[in-house]
Amino acid sequence: MHDIRAIRLDPEAYDNGWRFRGAAAATPAILALDEQRRAVQTSLQLAQARRKAVSEAIGRAKAAKDQAAADLLMGEVESAKDDIAEQTRLDGDLAGRLQDILAGLPNLPAADVPPGTDETGNVEIRRWGQPDPNAPAKDHVDLGGALGLMDFDAASRMSGARFVVLRGELARLERALGQFMLDVQTQEHGYTEVSPPLLVKDRAMYGTGQLPKFAEDLFQTTDGYWLIPTAEVSLTNAVADQVLAEEELPLRLTALTPCFRSEAGASGRDTRGMIRQHQFAKVEMVSITTPEQSDAEHERMVSCAETILKRLELPFRTVLLCAGDMGFTARKTYDLEVWLPSQTTYREISSCSNCGDFQARRMEARLKRAGEKGTRYAHTLNGSGLAVGRALVAVMENYQDEGGRIAIPQALHPYMRGVSRIGADIG
RNA sequence: GGAGAGGUGGCUGAGUGGUCGAAAGCACCGCACUCGAAAUGCGGCGUGGGUGGAAGCCCACCGUGGGUUCGAAUCCCACCCUCUCCGCCA
């Protein structure tokens with residue numbers, strides 16, 4: 001959501017920002033509506049002031065038992081009432097149209113976001129680790145199938161495409177990954193663990209920007225709840241409608257939750273395997289900060305996510321997304337991409353975004369400094385730390401041996417009850 | 001699922017048709033007192049919007065949206081949310 005006053009002040013900056021990310025300029029329509037609306041508001045307020053004054057006079061006349069004067073005044077107030085009704089209707093109409101436009105416009109990119117219209121414009125910031133070109137490179141579907149621990153057929157019988165059943169040590173490995181990530185983020189990086197609702201109302205989805213534009217990407221229950229596509233929704237909405245003391249910031253929250261996505265626009269993409277599922281586990285990090293802190297917090301968050309990949313000893317690279325590849329709410333986004341031997345490429349496993357005050361405006365999350373008048377909007381950031389499903393894929397593929405066994409990364413040993421290799425029994 | 005209670009400013013909480021944007025208390029800020037602090041006293045202290053060079057003036061907001069009325073925090077309707085009791089249940 002954008003600040004109409006800021007748009008009024010510098011429309012060009014907004015149009016340039018939207019064009020930069022591949023959206024159309026929108027301020028001419030916005031400013032025209034805004035101007036009309038303010039004119040309507042002014043005449044509405046004049047009519048309201050008339051009604052108020054006359055009504056008060058009626059009150060006084062009645063108190064003075066002057067019924068004749070009261071009757072006279074009641075006739076007088078009629079035209080004001082008509083005006084109010086008409087101007088209110090106009091105002092509501094204009095406000096609705098303005099709101100529809102503003103709610104559908106993406107955030108403005110930060111100044112250091114590179115240009116580009118798709119992922120080819122993204123800029124690699126750094127790499128960590130070295131993929132081994134000679135390592136075996138079966139994909140996780142073959143590996144898991146051969147082990148008898150990953151069953152897409154069973155999943156499709158009960159749920160259709162884009163689901164999986166994991167069993168035994170592979171199911172345990174998934175749980176170990178989630179626990180490990182959560183432990184690192186809470187114990188080492190200062191995030192507070194949260195166990196949030198997975199079903200939320202419209203308002204929450206609007207607050208983080210999934211609604212109104214992206215309803216088709218979500219699942220909805222028959223009685224109107226939405227399933228969260230990421231814990232970003234639940235964690236960020238924790239501060240909706242709140243006035244936070246700046247001294248208590250940054251607020252750092254994390255949760256390990258299932259995520260549900262319809263993948264409506266992705267039919268045909270990543271149909272094989274666990275890369276793109278309707279349901280997957282993810283550890284999400286959310287930070288609520290002041291405007292001054294958010295850039296530094298963003299860098300910090302990226303390194304919190306990178307820590308997980310380093311501990312798991314998985315080769316990855318960090319990419320700064322270009323304007324055209326960023327999500328709706330982001331003003332700047334880093335993606336972490338992990339090496340997948342079967343695809344001989346890096347695939348997204350984390351996305352860390354600074355949303356500035358964009359979400360905070362939508363959900364009325366404000367800040368107040370002790371002793372100071374007034375409030376301002378918080379900055380919100382979110383990042384995966386990491387996507388557990390894809391981490392499982394990455395571990396399987398990067399830790400396989402020629403025999404199709406999967407070694408367990410050292411960092412996960414404490415979580416695997418002494419198992420250091422999956423499939424040890426097959427030879 | 002059945003019955004009931006309730007949603008008022010950062011918080012607690014009064015207000016059931018008429019100068020109520022709203023008592024009081026807490027918190028917070030300023031000043032006084034004090035060597036300093038505490039305590040005390042005095043004053044200030046909601047949000048959004050319109051208009052204006054500014055001081056200011058005006059409008060709206062008492063969960064949300066409608067309605068009744070000359071006039072609604074107050075009456076009516078719908079919805080959302082919270083709580084209590086009963087039933088059911090992980």
Side-chain angles (χ1 to χ4, degrees), chain A residues 1-9 30-99 102-103 195-207 211-212 220-226 234 237-249 251 258 288 357 360-378:
Chain A
M1 179 56 66
H2 294 286
D3 181 357
I4 183 67
R5 280 175 302 180
I7 294 175
R8 234 180 259 151
L9 237 47
I30 292 170
L31 293 178
L33 280 172
D34 178 49
E35 199 170 320
Q36 286 179 58
R37 174 154 190 245
R38 280 188 292 162
V40 167
Q41 281 183 322
T42 300
S43 58
L44 170 62
Q45 290 179 2
L46 287 173
Q48 284 171 328
R50 261 198 297 153
R51 180 183 66 180
K52 195 176 173 188
V54 176
S55 290
E56 281 168 7
I58 292 169
R60 282 192 299 272
K62 289 214 167 178
K65 301 271 191 259
D66 187 349
Q67 190 58 44
D71 289 343
L72 199 67
L73 289 164
M74 280 191 222
E76 212 173 284
V77 87
E78 279 308 315
S79 76
K81 287 187 71 176
D82 292 345
D83 276 4
I84 289 170
E86 173 65 6
Q87 302 298 327
T88 300
R89 196 186 60 71
L90 282 173
D91 181 55
D93 176 54
L94 291 166
R97 283 158 66 191
L98 199 52
Q99 168 72 17
L102 289 174
S195 174
L198 309 180
L199 270 52
V200 301
K201 300 239 175 211
D202 290 20
R203 198 182 134 65
M205 285 296 185
Y206 176 83
L211 294 180
Q220 189 172 29
T221 68
T222 51
D223 46 1
Y225 291 103
W226 301 92
S234 308
N237 272 286
V239 298
D241 295 315
Q242 300 293 301
V243 178
L244 305 164
E246 288 198 14
E247 295 69 24
E248 291 166 16
L249 303 180
L251 194 61
I288 313 294
D357 64 7
R361 283 180 188 285
R362 294 169 84 97
M363 65 174 70
E364 285 296 316
R366 289 168 298 163
L367 306 179
K368 184 166 170 57
R369 225 181 308 215
E372 278 189 19
K373 225 172 117 85
T375 57
R376 54 186 183 155
Y377 288 106

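Quick note on labels: first sequence line is chain A, next is B, and so on, each numbered from 1.
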Separation between the C1' atoms of B:G67 and B:U12, rounded to whole Å: 33 Å

For atom CG of A:Asp223 and atom C1' of B:G1, their distance in whole Å: 15 Å

Interatomic distance where CD belongs to A:Gln242 and P belongs to B:U47 [whole Å]: 17 Å

Whole-Å distance separating the CZ atom of A:Arg37 from the C1' atom of B:U51: 15 Å

Rounded P spacing from B:C79 to B:A24 in Å: 38 Å

Nearest-angstrom distance from the residue atom CD of A:Glu248 to C1' of B:G10: 12 Å

Stems where RNA chain B pairs, listed by first number, each of three or more Watson-Crick or G-U pairs under 3.5 Å: B:1-7 with B:80-86, B:10-12 with B:24-26, B:28-32 with B:40-44, B:46-51 with B:56-61, B:63-67 with B:75-79

Residues which pass side chain to side chain contact (heavy atoms under 4.5 Å, CB included) with A:Glu86, listed by chain and number, not counting sequence neighbours: A:Arg89, A:Leu90

Spacing between A:Glu364 atom CD and B:G46 atom P, to the nearest angstrom: 18 Å

Closest listed nucleotide, where the reference is the side chain of A:Arg366 and the choices are B:U47, B:C70, B:U51: B:U47

Listed partners of A:Glu78 passing side chain to side chain contact (heavy atoms under 4.5 Å, CB included), at least two apart: A:Lys81

Interatomic distance at C1', B:G9 relative to B:G25, whole Å: 13 Å

Value rounded to 0.5 Å, distance of CG in A:Leu73 from CZ in A:Arg60: 9.0 Å

Contact pattern, 5' to 3', of nucleotides 53-62 of chain B - B, S or - by protein heavy atom under 4.0 Å: -----BBS--

Touch class at under 4.0 angstrom, heavy-atom based, for A:Val77 against every strand present: sugar-phosphate

Nearest atoms (heavy-atom pairs only) where A:Asp202 meets A:Trp226: OD1-NE1, 2.8 Å

Give the table of side-chain donor-acceptor pairs shorter than 3.5 Å for residues 37-49 of chain A, with sequence neighbours excluded, one pair per line with atom names and distance.
{"residue": "A:Arg37", "atom": "NE", "partner": "A:Asp91", "partner atom": "OD1", "Å": "2.9"}
{"residue": "A:Thr42", "atom": "OG1", "partner": "A:Arg38", "partner atom": "O", "Å": "3.0"}
{"residue": "A:Ser43", "atom": "OG", "partner": "A:Val40", "partner atom": "O", "Å": "3.1"}
{"residue": "A:Ser43", "atom": "OG", "partner": "A:Gln87", "partner atom": "OE1", "Å": "3.0"}

Whichever of A:Glu56 and A:Ala39 has its nearest RNA chain B nucleotide further upstream toward 5': A:Glu56

Euclidean distance, A:Asp83 CG relative to A:Arg51 CZ, rounded to 0.5 Å: 11.5 Å

Candidate pair A:Val54 and A:Ile58, rule side chain to side chain contact (heavy atoms under 4.5 Å, CB included), full reasoning: CA-CA 6 Å; A:Val54 176; A:Ile58 292 169; 4.2 Å; yes

Spatial distance of atom NZ (A:Lys62) from atom CG (A:Asp71) [nearest 0.5 Å]: 7.5 Å

B:C81 to B:C76 separation - P atoms, rounded to the nearest Å: 22 Å

Separation between the P atoms of B:A37 and B:C31, rounded to whole Å: 11 Å

Side chain of A:Gln41 (C-beta onward), nearest among B:G10, B:G49, B:C70: B:G49

Sugar-phosphate only, base, or nothing, as touched by A:Ile58 at under 4.0 Å among non-hydrogen atoms: base

Every protein N/O lying under 3.5 Å from an N/O of nucleotides 15-17 of chain B:
none

Main-chain N/O of A:Pro197 paired to A:Ser234 side chain as donor or acceptor, under 3.5 Å: yes

Can you check nucleotides 77-81 of chain B for protein contacts, nitrogen or oxygen pairs under 3.5 Å, and list what you find?
{"residue": "B:C80", "atom": "O3'", "partner": "A:Lys201", "partner atom": "NZ", "Å": "3.4"}
{"residue": "B:C81", "atom": "OP1", "partner": "A:Lys201", "partner atom": "NZ", "Å": "2.5"}

From CG (A:Leu102) to CD1 (A:Ile30), nearest 0.5 Å: 5.0 Å

Contacts of A:Pro212 that satisfy side chain to side chain contact (heavy atoms under 4.5 Å, CB included) - sequence neighbours left out: A:Ala103, A:Tyr206, A:Arg362

Presence of A:Arg60 side-chain N/O under 4.0 Å of B:G18 phosphate oxygens OP1/OP2: no

Lys/Arg N to Asp/Glu carboxylate O, A:Arg376 vs A:Glu246, below 4.0 Å: yes

With sequence neighbours excluded, residues passing salt bridge (Lys or Arg N to Asp or Glu O under 4.0 Å) with A:Arg361: A:Asp3, A:Asp357

Integer angstrom distance from the C1' of B:A27 to that of B:G44: 14 Å

Interatomic distance, A:Leu244 atom CG to A:Arg366 atom CZ [nearest 0.5 angstrom]: 10.0 Å

Given B:C70, B:G10, B:G50, the nucleotide with the shortest approach to the side chain of A:Arg8: B:G50

Close approaches to RNA chain B from residues 80-96 of chain A, in residue order (heavy atom, under 4.0 Å): A:Lys81

d(CG, A:Leu98; C1', B:G49) in whole Å: 13 Å

Inter-nucleotide C1' distance (B:C29, B:A14), Å rounded: 25 Å

With A:Thr221 via side chain to side chain contact (heavy atoms under 4.5 Å, CB included) - residues at least two apart: A:Leu199, A:Asp223, A:Tyr225, A:Leu227

All salt bridge (Lys or Arg N to Asp or Glu O under 4.0 Å) counterparts of A:Asp93, not counting sequence neighbours: A:Arg97

Touch class at under 4.0 angstrom, heavy-atom based, for A:Arg203 against every strand present: nothing

Candidate pair A:Asn237 and A:Met363, rule side chain to side chain contact (heavy atoms under 4.5 Å, CB included), full reasoning: CA-CA 7 Å; A:Asn237 272 286; A:Met363 65 174 70; 3.7 Å; yes

Touch class at under 4.0 angstrom, heavy-atom based, for A:Arg5 against every strand present: sugar-phosphate

Whole-angstrom distance between B:C20 and B:G46, as gauged at atom C1': 15 Å

Interatomic distance where CZ belongs to A:Arg361 and P belongs to B:G48 [whole Å]: 11 Å

Separation of A:Ile288 CD1 from A:Gln242 CD (nearest 0.5 Å): 11.0 Å

Interatomic distance, A:Arg376 CZ vs B:U47 P [rounded to whole Å]: 15 Å

